[in-house]
Amino acid sequence: AAIRAAFDWIIEEIIGNPEAGCFAVNAATELGSCDEGVQGAVSRSTARTVTAFADAIRAGQQQGEIPPAKDPQAIAEFLLNAVHGLRVTGKTTQDRRMLENIVNLALSVLD
């Protein structure tokens, strides 16, 4: 439920304020390969997000919401990629149906 809420919040932010974007995604796509300072900041942000997702997945497993055989680290890394993709997609569209379809498919890895 916590992971779903995070993705729902991102969709609302994309639709409500499409110009804002995400600092980490914007920095990574613009300067991540050529600026070591940006690369380090993005890496730290990425690590925090992956850790938060992995912790939420483990909690979901303990509560019986997520199957215990799922690899929390691998899924967390995939969900980070889904967040980044959602943010980039949100730069070109605020089509709620499309964004929700992306989220629903991404979260299907938790089933």
Side-chain angles (χ1 to χ4, degrees):
I3 295 170
R4 165 66 69 178
F7 275 94
D8 289 345
W9 179 82
I10 292 168
I11 289 173
E12 293 307 319
E13 186 177 56
I14 288 169
I15 291 171
N17 192 8
E19 296 84 25
C22 171
F23 173 76
V25 172
N26 292 342
T29 56
E30 292 293 323
L31 301 169
S33 64
C34 61
D35 185 306
E36 289 182 21
V38 169
Q39 192 175 49
V42 170
S43 284
R44 288 186 297 279
S45 173
T46 295
R48 283 191 301 272
T49 303
V50 168
T51 297
F53 276 141
D55 289 347
I57 292 163
R58 285 186 199 94
Q61 287 173 320
Q62 290 174 348
Q63 296 168 5
E65 296 177 340
I66 299 171
K70 301 283 185 171
D71 180 344
Q73 184 69 25
I75 293 173
E77 291 164 355
F78 171 77
L79 292 177
L80 171 76
N81 188 66
V83 167
H84 289 175
L86 195 63
R87 292 290 195 175
V88 171
T89 300
K91 290 292 192 181
T92 60
T93 185
Q94 286 74 53
D95 180 341
R96 181 180 296 277
R97 182 200 53 81
M98 178 188 282
L99 299 173
E100 288 176 351
N101 284 343
I102 292 166
V103 168
N104 289 337
L105 187 57
L107 295 183
S108 72
V109 302
L110 299 173
D111 296 336

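The side chain to side chain contact (heavy atoms under 4.5 Å, CB included) test applied to Thr51 returns Asp55, not counting sequence neighbours. Here Gln73 pairs with Glu77 under the side chain to side chain donor-acceptor pair (under 3.5 Å) rule; sequence neighbours left out.
Nearest approach of Leu79 to Phe7, heavy atoms of both residues: O-CZ, 3.8 Å. The minimum heavy-atom distance between Ile10 and Leu86, with the atom names listed, is CG2-CD2, 3.7 Å. Contact between Pro72 and Arg58 at its shortest, heavy atoms only, is CG-CG, 3.8 Å.
The cluster map of Ile, Leu, Val, Met, Phe, Trp and Tyr, joined by side-chain heavy atoms under 4.5 Å apart, puts Ile57 and Trp9 in the same cluster. Tracing side-chain contacts under 4.5 Å through hydrophobic residues (I, L, V, M, F, W, Y), one never reaches Leu80 starting from Ile3; they form parts of separate clusters. Ile11 and Phe78 fall within a single hydrophobic cluster, where Ile, Leu, Val, Met, Phe, Trp and Tyr are joined by side-chain heavy atoms under 4.5 Å apart, directly or via other members.
In this structure, CD in Glu12 is found 10.0 Å from CD1 in Ile14, a value given to the nearest 0.5 Å. A distance of 12.5 Å separates OG1 of Thr49 from CG of Asn81, quoted to the nearest 0.5 Å. Atom OG1 of Thr89 is separated from atom CG of Asp95 by 10.5 Å, given to the nearest 0.5 angstrom.
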Can you list, pair by pair, the side-chain donor-acceptor contacts under 3.5 Å of residues 102-111, counting residues two or more places apart and other chains?
{"residue": "Asn104", "atom": "OD1", "partner": "Arg4", "partner atom": "NH1", "Å": "2.8"}
{"residue": "Asn104", "atom": "OD1", "partner": "Arg4", "partner atom": "NH2", "Å": "3.0"}
{"residue": "Asn104", "atom": "ND2", "partner": "Glu100", "partner atom": "O", "Å": "3.2"}
{"residue": "Ser108", "atom": "OG", "partner": "Leu105", "partner atom": "O", "Å": "2.6"}

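Proximity of a side-chain donor or acceptor of Gln94 to a complementary backbone N or O of Gly90 within less than 3.5 Å is detected.
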